[in-house]
Chemist: 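Questions regarding the structure given below will be posed in turn.
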Amino acid sequence: QVQLVESGGGLVQPGGSLRLSCVASGFTFNTYAMSWYRQAPGKERELVARITSNGGSPNYADSVKGRFTISRDNAKNTVYLQMNSLKPEDTAVYYCNVRILRVGGHMDYWGKGTLVTVSS
């Protein structure tokens, strides 16, 4: 019963900040990398950031590097995305993701998403 529940989206002015949270359950959180993706209307889903199981080696899309920070608190089964210096092009539904590899293949699990709107 893998579950990912995002929160923290909203409307923000360009240059503003938001922090997204994703609370995970149903798997051993501290053994899996976690990711944030986003999808804007009419566009393909895009990987925004990824963090390893122990919080090291975060990776970012070039479009958000230097502005966004992914982090996690394994004691709380929570991954965060701190978004600073937001731009209108950051407007999207943001999704939390975990890819779990099992015998026979892998499966991606997704939250329902949280909408971030950056006005201009």
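The first residue of the sequence shown is numbered 1, and numbering continues consecutively from there.
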Chemist: Any idea which heavy atoms bring Ser85 and Arg67 closest together, and the distance?
Modeler: O-NH1, 3.0 Å
Chemist: Is any side-chain heavy atom of Met107 less than 4.5 Å from a side-chain heavy atom of Val2?
Modeler: no
Chemist: Can you list everything that forms a side chain to side chain donor-acceptor pair (under 3.5 Å) with Thr69? Sequence neighbours excluded, please.
Modeler: none
Chemist: Mind checking side chain to side chain contact (heavy atoms under 4.5 Å, CB included) for Glu46 and listing every partner two or more places apart, or none if nothing turns up?
Modeler: Arg38, Ala61, Ser63
Chemist: For residues 5-99, which residue pairs qualify under disulfide (SG to SG under 2.5 Å), counting only residues two or more places apart or in two chains?
Modeler: Cys22-Cys96
Chemist: Side chain to side chain contact (heavy atoms under 4.5 Å, CB included) with Thr28: which residues, sequence neighbours excluded?
Modeler: Asn30, Thr31
Chemist: What distance do Asn59 atom CG and Thr52 atom OG1 have between them, rounded to the nearest 0.5 Å?
Modeler: 8.5 Å
Chemist: Within this structure, what is the CG-OG1 distance for the pair Leu86 and Thr117, rounded to the nearest 0.5 Å?
Modeler: 10.5 Å
Chemist: Considering non-hydrogen atoms only, spot the tightest contact between Pro58 and Gly55 and give its length.
Modeler: CD-O, 4.5 Å
Chemist: To the closest 0.5 Å, what do you measure between OG (Ser25) and CG (Leu4)?
Modeler: 7.5 Å
Chemist: State, with a plain yes or no, whether a side-chain heavy atom of Val12 is found less than 4.5 Å away from one of Asp90.
Modeler: no
Chemist: Taking C-beta and beyond as the side chain, do Pro14 and Val118 meet within less than 4.5 Å on heavy atoms?
Modeler: yes
Chemist: Can you tell me how far the CH2 atom of Trp36 sits from the CD1 atom of Ile51, to the nearest 0.5 Å?
Modeler: 12.0 Å
Chemist: Applying salt bridge (Lys or Arg N to Asp or Glu O under 4.0 Å), which residue pairs with at least one partner in residues 101-120 are found, sequence neighbours left out?
Modeler: Arg99-Asp108
Chemist: With sequence neighbours excluded, tell me which residues meet ring pair (Phe, Tyr, Trp, His ring centres under 6.0 Å) with Tyr32.
Modeler: Phe27
Chemist: Among the clusters formed by ILVMFWY side chains lying less than 4.5 Å apart, do Val48 and Val93 turn up in the same one?
Modeler: no
Chemist: The criterion is salt bridge (charged side-chain N to carboxylate O under 4.0 Å, His left out); which residues satisfy it with Arg45, sequence neighbours excluded?
Modeler: none
Chemist: Given 3.5 Å as the limit, does a donor-acceptor pair link the side chain of Asn74 with the main chain of Asn54, or not?
Modeler: no
Chemist: For Lys65, check salt bridge (charged side-chain N to carboxylate O under 4.0 Å, His left out) against everything at least two apart and list the hits.
Modeler: Asp62
Chemist: Calculate, to the nearest 0.5 Å, the distance between atoms OG and CZ belonging to Ser7 and Arg19 respectively.
Modeler: 9.5 Å
Chemist: What's the shortest heavy-atom distance between Leu47 and Ser35, and which atoms?
Modeler: CD1-CB, 3.8 Å
Chemist: Looking at residues at least two apart in the chain, or sitting in another chain, which of them share a ring pair (Phe, Tyr, Trp, His ring centres under 6.0 Å) with Tyr80?
Modeler: none
Chemist: Treating Ile, Leu, Val, Met, Phe, Trp and Tyr as nodes and any side-chain heavy-atom pair under 4.5 angstrom as an edge, say whether Val64 and Leu18 lie in one connected cluster.
Modeler: yes
Chemist: Can you list every ring-ring contact (aromatic ring centres under 6.0 Å, His included) pair that touches residues 85-120, not counting sequence neighbours?
Modeler: Tyr37-Trp110
Chemist: How would you list all residue pairs meeting ring-ring contact (aromatic ring centres under 6.0 Å, His included) that involve residues 42-64, not counting sequence neighbours?
Modeler: none
Chemist: Can you list every pair that meets salt bridge (Lys or Arg N to Asp or Glu O under 4.0 Å) and has a residue in residues 6-16, with sequence neighbours left out?
Modeler: none
Chemist: Starting at CE of Met34, measure out to CG of Leu81 and round the result to the nearest 0.5 Å.
Modeler: 12.0 Å
